[in-house]
Amino acid sequence: MRLSSSFLPTLKEVPAEAQIVSHRFMLRTGMVRQMSSGIYAWLPAGLRVLNKIADIVREEQEAINAQEVLMPTLQSADLWKRSGRYDAYGPEMLRIVDRHKRDLLYGPTNEEMITDIFDQFVTSYKGLPALLYQIQWKFRDEIRPRFGVMRGREFYMKDGYSFDVDYDSAVVTYHKMMLAYLRTFQRIGVKAIPMLADTGPIGGDLSHEFIILAPTGESGIFFDSAFADQNWLEMPVDIADKDSLASFFKRMTSFYAATDEKHDEVEWDKVPVERKCEGRGIEVGQIFYFGTKYTESMDVSVTGSDSKKIYPHMGSYGIGVSRLVAAIIESSHDENGIIWPDAVAPFKAVIINLGMKDQACKDVCESLYKTDPENFLYDDRDERAGAKFADADLMGHPWQIIVGPRGVAQNIVEIKRRKTGMRAEVPVDQIIEYMASHQD
RNA sequence: CGGGCAGUAGCGCAGCCUGGUAGCGCAUCAGUCUGGGGGACUGGGGGUCGUGGGUUCGAAUCCCGCCUGCCCGACCA
């Protein structure tokens with residue numbers, strides 16, 4: 001994309017309402033614009049990141065055979081009255097009345113709706129397990145929205161739902177989801193640690209929150225640093241084999257990790273002092289087994305092999321996609337701006353033309369740009385070098401390809417890695433190759 | 001929902017106390033110079049002063065209501 005003809009405005013000064021670093025950078029880089037309390041418009045730079053995260057989430061869901069659906073944001077209140085949650089959910093649910101005086105609501109989550117859909121199509125245990133997900137906007141009327149998209153009222157979320165024939169089968173699904181989540185966060189480029197979460201009235205140990213380390217996080221966290229040292233990507237996991245999944249699950253959850261709410265001093269003391277890590281974190285996902293809560297309350301059943309009625313065991317699995325955008329920035333930035341992980345950066349690299357009046361510079365920039373116009377941002381503005389560098393650092397592109405008259409005369413451009421600050425002079429025709437072979 | 005604060009140009013702010021021509025910086029536009037880390041100079045454009053009412057010859061300024069937003073707390077992907 002050519003910067004001169006793009007809608008990619010940056011700000012030198014920050015709107016006063018932005019308190020935390022991710023919010024400030026998101027506003028300064030023109031990723032989002034607040035439209036109302038806790039409600040944001042996503043502008044091109046922000047949307048690109050949002051979509052990249054969603055794509056990774058999608059691929060990892062498909063990898064465990066979850067299938068994508070898209071449910072409406074508006075739901076009928078009747079559905080929620082069936083489960084009993086219409087009254088239970090409280091003022092956090094945005095309720096709407098249409099012209100016929102019918103009660104609707106803007107979905108804060110979709111257990112009822114997915115259960116209803118499931119009910120209409122699956123009538124036999126042979127239809128199980130079923131694993132569906134969507135990536136859709138949700139609305140929760142938070143008492144006090146804050147921190148930009150970190151805690152907005154409207155947010156973009158991946159929500160998955162599973163239906164299994166019994167508890168044992170549901171556990172296998174849960175294990176698969178643990179795997180998918182760890183892979184998802186790994187690919188996105190953040191370190192998310194699964195921590196035992198409150199399971200509510202169901203009990204058991206089948207709910208985990210995934211927490212990203214960030215000093216500005218809302219939850220205090222305690223964890224065994226041995227988790228971070230796990231090279232689990234090299235551990236073979238066969239998703240068709242429940243024992244393989246179970247041993248993977250056991251390994252990934254065997255280290256102490258808890259938020260301050262669930263912190264247990266006795267267990268914590270068993271962790272060797274040198275491995276004790278305390279800090280703050282941001283919750284970016286949660287997985288949850290809740291048994292037959294909705295299938296029973298909504299009377300949704302299938303016929304078992306013995307012709308008897310079975311209430312499928314359900315689980316739900318969320319990833320806060322829009323929150324992740326902010327969480328990534330919280331955990332990856334410096335005083336000059338964002339440092340995007342490669343996988344989710346809005347652009348792979350920015351081509352900084354320092355010789356806008358130099359034909360040779362322009363030619364080099366153009367030919368480079370044309371090799372991948374979708375992923376290169378070409379800063380072809382008639383700005384001074386300082387402004388271009390400042391914007392490049394602010395926007396956090398993983399690579400900066402600096403094209404100036406001095407280097408071009410020798411057929412060389414300078415390349416800078418945002419993450420490390422590493423700089424190198426590279427022959428023009430080797431740039432693409434250089435980036436591919438120097439990811440760290 | 002309790003406590004605090006704020007709405008003046010796209011953004012950051014001053015002016016309000018003590019009523020009388022609506023200002024500054026950044027951004028933006030035109031031009032000249034400049035050209036490897038947000039450069040300089042000159043000249044422009046841009047305002048229902050959140051909103052409704054009241055007081056007054058006269059209201060951004062004083063008074064009352066309302067709306068919106070932000071911060072702290074209790075609650076949450």
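Order of the sequence lines sets the chain letters (A, B, ...), proteins ahead of strands, with each chain counted from 1.
In this view, A:R28 satisfies the salt bridge (charged side-chain N to carboxylate O under 4.0 Å, His left out) rule with no residue, not counting sequence neighbours. Judged as a ring-ring contact (aromatic ring centres under 6.0 Å, His included), and not counting sequence neighbours, A:F255 has no contacts.
A:R323 places a side-chain N or O within 3.5 Å of a backbone atom of A:E283 that can act as its donor or acceptor partner. Without hydrogens or angle criteria, A:R417 side chain to A:Q439 main chain gives a donor-acceptor distance under 3.5 Å. A donor-acceptor distance shorter than 3.5 angstrom exists from the side chain of A:T115 to the backbone of A:E111, with no hydrogens or angles considered.
Heavy-atom minimum distance, A:G318 versus A:M157: CA-CE, 3.7 Å.
Classified by interplanar angle (parallel below 30°, tilted 30° to 60°, perpendicular above 60°), the ring pair A:W42/A:W137 is tilted.
Separating the P atom of B:rU32 from that of B:rC24 is a span of 26 Å, rounded to the nearest Å. Taking atom C1' on both nucleotides, B:rG12 is separated from B:rG31 by 28 Å, rounded to a whole Å. Taking atom C1' on both B:rG44 and B:rA6, the two are 32 Å apart, rounded to the nearest angstrom.
Backbone-only engagement by A:V14 is indicated by non-hydrogen atom pairs under 4.0 Å involving sugar-phosphate atoms exclusively. Across all strands shown, A:A390 has heavy atoms under 4.0 Å from base atoms, whether or not it also approaches the sugar-phosphate. Residue contacts for A:G404: at a heavy-atom cut-off of 4.0 Å it reaches a base atom on one of the strands shown. Heavy atoms of A:G152 sit under 4.0 angstrom from at least one base atom. The residue A:D393 sits close to a base: some heavy atom pair falls under 4.0 Å. Counting non-hydrogen atoms under 4.0 angstrom, A:K357 reaches a base of the nucleic acid. At a threshold of 4.0 angstrom between heavy atoms, the contacts of A:K158 with the nucleic acid are absent. Among the atoms of the strands shown, none is found under 4.0 Å from any heavy atom of A:N353.
Using Watson-Crick or G-U wobble geometry with both donor-acceptor distances under 3.5 Å, B:rA6 finds its partner in B:rU68. In a base pair of the Watson-Crick type (N1 to N3 plus N6-O4 or O6-N4) or a G-U wobble (N1-O2 and O6-N3), with each distance short of 3.5 Å, B:rC1 is matched with B:rG73. Pair assignment for B:rG43 gives B:rC29, based on Watson-Crick or G-U wobble hydrogen-bonding distances that are each under 3.5 Å. Figure legend. B:rU56 is base-paired to no nucleotide; pairs are counted as Watson-Crick or G-U wobble with both atom distances under 3.5 Å. Under the Watson-Crick and G-U wobble criteria, each requiring two contacts below 3.5 Å, nucleotide B:rC24 is paired to B:rG12. In this structure B:rU18 sits in no base pair that meets the Watson-Crick or G-U test at under 3.5 Å.
You'll find the ring centres of A:Y174 and A:Y289 outside the 6.0 Å limit.
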Expected list for residues 393-407 of chain A: side-chain donor-acceptor pairs under 3.5 angstrom, two or more places apart:
{"unit_1": "A:D393", "atom_1": "OD1", "unit_2": "A:Q400", "atom_2": "NE2", "d": "2.7"}
{"unit_1": "A:D393", "atom_1": "OD1", "unit_2": "A:K416", "atom_2": "NZ", "d": "3.1"}

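Contact check on A:K52 versus A:D342 returns no salt bridge, with no Lys/Arg side-chain nitrogen under 4.0 Å from an Asp/Glu carboxylate oxygen. A salt bridge is defined here as a Lys NZ or Arg NE, NH1 or NH2 lying under 4.0 Å from an Asp or Glu carboxylate O, and A:K370 with A:E366 meets this definition.
Taking for each of A:Y156 and A:P405 the nucleotide of RNA chain B with the nearest heavy atom, the 5'-most of the two is the partner of A:P405. The residue among A:D391 and A:V284 whose nearest nucleotide of RNA chain B lies closer to the 5′ end is A:D391.
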Determine, step by step, whether A:Y256 and A:H263 satisfy the ring pair (Phe, Tyr, Trp, His ring centres under 6.0 Å) criterion, reporting the C-alpha distance in whole Å, the side-chain angles of both residues, the deciding distance to 0.1 Å, and the verdict.
CA-CA 9 Å; A:Y256 186 84; A:H263 187 50; 5.8 Å; yes

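Bounding nucleotides for the chain A contact on RNA chain B, 5' to 3', at a heavy-atom distance below 4.0 Å, are B:rC1 to B:rA77.
Heavy-atom distances under 4.0 Å link RNA chain B to no residue of residues 62-72 of chain A. In the region residues 18-42 of chain A, proximity to RNA chain B at under 4.0 angstrom, judged on heavy atoms, holds for A:Q19, A:R28, A:R33, A:Q34, A:S36, A:S37.
Both cation-pi conditions hold for A:R95 and A:Y86: the charged atom is under 6.0 angstrom from the six-membered ring centre and inside a 45 degree cone around its axis.
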